[in-house]
Enquirer: 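For reference, the structure I am asking about is given below.
The figures that follow rest on heavy atoms only: side chains count, while hydrogens, waters and symmetry mates do not. One-based numbering, in listed order, for ligands and for the atoms of each.
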Amino acid sequence: MTSCSIGPLLHEGKAKRVHATDHTDLVAVHFKDDTTAFNAAKKASLAGKGQLNCRIAALLFEHLERQGIASHYRGLMGDDWMICQHLRVIPLEVVVRNRAAGSLCRQMPIAEGTPLDPPLLDLYYKDDAYGDPFLSEARLTRLAIVSADQLEEIQQLALAVNQSLGQLFTSVGLELVDFKIEIGLTAAGQLLLADEISPDTCRLWDQAVADQRDRILDKDRFRQDLGGVLEAYREVLKRVQGVCPEPRVYG
Ligand code: TMP
Ligand code: ASP
């Protein structure tokens, strides 16, 4: 593996910046300390959040890779950067829910924590200007951002990620309540897991804690003003790194 130097900013999102590198097929992703909720209506900067999420995402991507689920992740660079394959990210948020929480409970009569078996797979159109709306399959077909075959592959991928991460989190006493993934296409047309997987993009409940607020170890602590956001993310990192090898450094 050769080393990589960071080039100009290509894209800035709410939680990450994507830079070009001196390798045309690679980008350098910087994890910011910024955190937002409700389409950035609520914002804060939490010193150290970027490093925590970068490391957690690296551990989770490497775990998935060992299980045959490929992603854009190539390796860490420093504390809050990762080197990734350059993809064309599909503007879809793919959410898998194992228990009812969050928007599901706001949008239909279902109590928080109700088990969903089989898991519910929801698709959202990733566009802040429209507020990331829920998509029916008919609307997705009309948008034509993926083919029917790609949609099938994306759904299988999301369920495989759910299976693999669900087992990993269970092994460290955490329940994977739900999560969001994004998918990108390589120049050769291969679908790969993109973006990040972290407590910003998952709901994780401590299985040993009964209290409905105290058990939350994810971004809901920020969304719901529960405090202890970084402490929760640190706990997730501690548990995951207890069962995963040290993540690789790029170059
Ligand atoms: P929801 O309950 O708000 O629909 O969220 C479902 C899951 O998706 C939850 O784990 C948080 C994650 N998520 C994101 O990663 N980004 C987002 O913009 C939203 C709304 C949710
Ligand atoms: N990331 C989202 C935003 O601020 C929302 C969320 O995660 O709840 O747009």
Side-chain angles (χ1 to χ4, degrees), residues 11-18 29 31-46 49-50 52-54 56-57 60-61 71-72 89-116 119-136 154-155 157-159 161-166 168-169 174-184 193-206 212-213 215-226 229-230 232-233 236 240:
H11 168 77
E12 177 153 9
K14 288 180 291 229
K16 289 183 292 302
R17 288 190 192 94
V18 181
V29 179
F31 284 66
K32 302 197 286 186
D33 286 341
D34 298 350
T35 190
T36 66
F38 315 116
N39 203 7
K42 181 171 178 171
K43 295 183 199 174
S45 179
L46 300 171
K49 190 216 56 153
L52 287 163
N53 274 358
C54 185
I56 294 168
L60 298 180
F61 280 140
S71 77
H72 67 157
V89 177
I90 299 168
L92 267 186
E93 298 201 339
V94 182
V95 172
V96 179
R97 302 175 190 276
N98 296 301
R99 282 189 189 271
S103 68
L104 187 70
C105 301
R106 292 196 297 274
Q107 293 168 357
M108 57 187 253
I110 185 164
E112 186 181 71
T114 305
L116 301 164
L120 203 57
L121 197 152
D122 288 335
L123 299 169
Y124 299 83
Y125 181 43
K126 186 177 167 64
D127 189 330
D128 285 344
Y130 292 96
D132 298 342
F134 180 79
L135 282 178
S136 61
I154 288 169
Q155 289 170 331
L157 175 61
L159 294 175
V161 169
N162 187 43
Q163 184 82 16
S164 172
L165 292 187
L168 176 74
F169 285 125
L174 297 173
E175 179 162 3
L176 180 59
V177 173
D178 60 25
F179 65 93
K180 180 268 303 182
I181 52 170
E182 296 179 27
I183 317 281
L193 207 48
D195 194 53
E196 69 177 286
I197 306 179
S198 73
D200 268 9
T201 65
C202 298
R203 285 196 171 89
L204 295 165
W205 290 353
D206 190 337
Q212 290 186 8
R213 291 165 160 235
R215 69 185 174 188
I216 295 172
L217 293 177
D218 56 66
K219 196 186 187 180
D220 270 349
R221 300 207 69 83
F222 173 70
R223 295 189 189 97
Q224 299 176 27
D225 290 320
L226 299 176
V229 182
L230 290 173
Y233 285 34
V236 172
V240 172

Enquirer: Answer yes when Arg203 and Asp178 have at least one side-chain N-carboxylate O distance shorter than 4.0 Å, and no when they do not.
Expert: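 Salt bridge: yes.
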
Enquirer: Is the closest heavy atom of Arg223 to ligand 1 under 4.0 Å?
Expert: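 The answer is yes, since Arg223 has a heavy atom less than 4.0 Å from ligand 1.
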
Enquirer: Among protein heavy atoms, which lies nearest atom 4 (O) of ligand 2, and at what distance?
Expert: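 Its nearest protein heavy-atom neighbour is Thr36 OG1, 2.6 Å.
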
Enquirer: The test is side-chain contact (heavy atoms from CB on, under 4.5 Å); show your working for Leu52 and Phe31 and say whether it passes.
Expert: CA-CA 9 Å; Leu52 287 163; Phe31 284 66; over 6 Å; no

Enquirer: Heavy-atom contacts under 4.0 Å between Lys14 and ligand 2: side chain, backbone, both, or neither?
Expert: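 Under 4.0 Å from ligand 2, Lys14 contributes side-chain atoms alone.
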
Enquirer: Tell me which part of Thr201 gets within contact of ligand 1: side chain, backbone, both or neither, using heavy atoms under 4.0 Å.
Expert: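 Both the backbone and the side chain of Thr201 come within reach of ligand 1.
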
Enquirer: Please list, in number order, the atoms of ligand 1 under 4.0 Å from a heavy atom of Cys202.
Expert: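 Atoms satisfying the 4.0 Å criterion: 10 (O).
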
Enquirer: Out of Glu196, Lys180, Arg203, whose heavy atom is nearest to atom 5 (O) of ligand 1?
Expert: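 Heavy atom nearest to atom 5 (O) of ligand 1 belongs to Arg203.
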
Enquirer: Among Cys105, Gly102, Ser103, which one has a heavy atom closest to atom 1 (P) of ligand 1?
Expert: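 Nearest option to atom 1 (P) of ligand 1, by heavy atoms: Ser103.
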
Enquirer: Rounded at 0.5 Å granularity, tell me how far NZ in Lys126 sits from CG in Leu135.
Expert: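 One gets 13.0 Å once the value is rounded to the nearest 0.5 Å.
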
Enquirer: Would you compute the distance between atom CG of Asn98 and atom CG of Asn162 and round it to the nearest 0.5 angstrom?
Expert: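 One finds 4.0 Å between CG of Asn98 and CG of Asn162.
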
Enquirer: For atom 20 (C) of ligand 1, is some protein heavy-atom partner under 4.0 Å away?
Expert: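 Given the 4.0 Å limit, the answer for atom 20 (C) of ligand 1 is no, no protein heavy atom qualifies.
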
Enquirer: For ligand 1, does Asp218 get within less than 4.0 Å through its side chain, its backbone, both, or neither, judged by non-hydrogen atoms?
Expert: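 Contact part for Asp218 vs ligand 1: neither.
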
Enquirer: Within the structure, does Asp128 bring an N/O atom to less than 3.5 angstrom of an N/O atom in ligand 2?
Expert: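 In this structure, Asp128 places no N or O atom under 3.5 Å from an N or O of ligand 2.
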
Enquirer: Under 4.0 Å from a heavy atom of Phe179: which atoms of ligand 1 are those, numbered in the order shown and with their elements?
Expert: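 Ligand 1 atoms under the 4.0 Å threshold to Phe179: 10 (O).
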
Enquirer: When you measure from the side chain of Asp132 to the backbone of Asp127, do you find a donor-acceptor pair of N or O atoms at a distance under 3.5 Å?
Expert: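 Indeed, once roles are kept as given, a pair shorter than 3.5 Å links the two residues.
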
Enquirer: For atom 7 (C) of ligand 1, find the nearest protein heavy atom and state the residue, atom name and distance (0.1 Å precision).
Expert: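 Checked against all protein heavy atoms, atom 7 (C) of ligand 1 sits closest to Asp178 OD1, 3.7 Å.
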
Enquirer: Would you call Ser198 and Leu60 a side-chain contact if the rule is heavy atoms closer than 4.5 Å?
Expert: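 A side-chain contact under 4.5 Å is absent here.
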
Enquirer: Side chain or backbone, does Asp200 bring an N or O within less than 3.5 Å of an N or O on ligand 2?
Expert: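 N/O-N/O distance below 3.5 Å does not exist for this pair.
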
Enquirer: So how far is it from Asp200 CG to Lys180 NZ, rounded to the nearest 0.5 Å?
Expert: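 Atom-to-atom, Asp200:CG and Lys180:NZ are 9.0 Å apart.
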
Enquirer: Nearest protein heavy-atom contact for atom 7 (O) of ligand 2: which residue, which atom, what distance?
Expert: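 The closest one turns out to be Lys219 NZ, 2.8 Å.
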
Enquirer: Crowded around Lys14 NZ? As in, over 12 foreign heavy atoms under 6.0 Å?
Expert: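 Enclosed: over 12 neighbouring heavy atoms sit under 6.0 Å from NZ of Lys14.
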
Enquirer: Find all atoms of ligand 2 within a distance of less than 4.0 Å from any non-hydrogen atom belonging to Arg223, and give their numbers and elements.
Expert: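 Counting atoms of ligand 2 from 1, those under 4.0 Å from Arg223 are 6 (C), 7 (O), 8 (O).
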
Enquirer: At under 4.0 Å between heavy atoms, is it the side chain or the backbone of Lys219 that contacts ligand 1, or both, or neither?
Expert: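 The answer is neither; Lys219 stays 4.0 Å or more away.
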
Enquirer: Looking at side-chain heavy atoms only, is the closest gap between Leu193 and Phe61 below 4.5 Å?
Expert: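 Yes. Closest side-chain heavy atoms under 4.5 Å.
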
Enquirer: Using modelled atom types only, decide if a donor and an acceptor are shared between the side chain of Arg99 and the backbone of Gly113 within a distance under 3.5 Å.
Expert: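 Yes, the answer is positive, given that a donor and an acceptor are paired below the 3.5 Å cut-off.
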
Enquirer: For atom 18 (O) of ligand 1, what is the closest protein heavy atom, and at what distance to 0.1 Å?
Expert: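 For atom 18 (O) of ligand 1, the nearest protein heavy atom is Glu93 OE1, 3.7 Å.
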
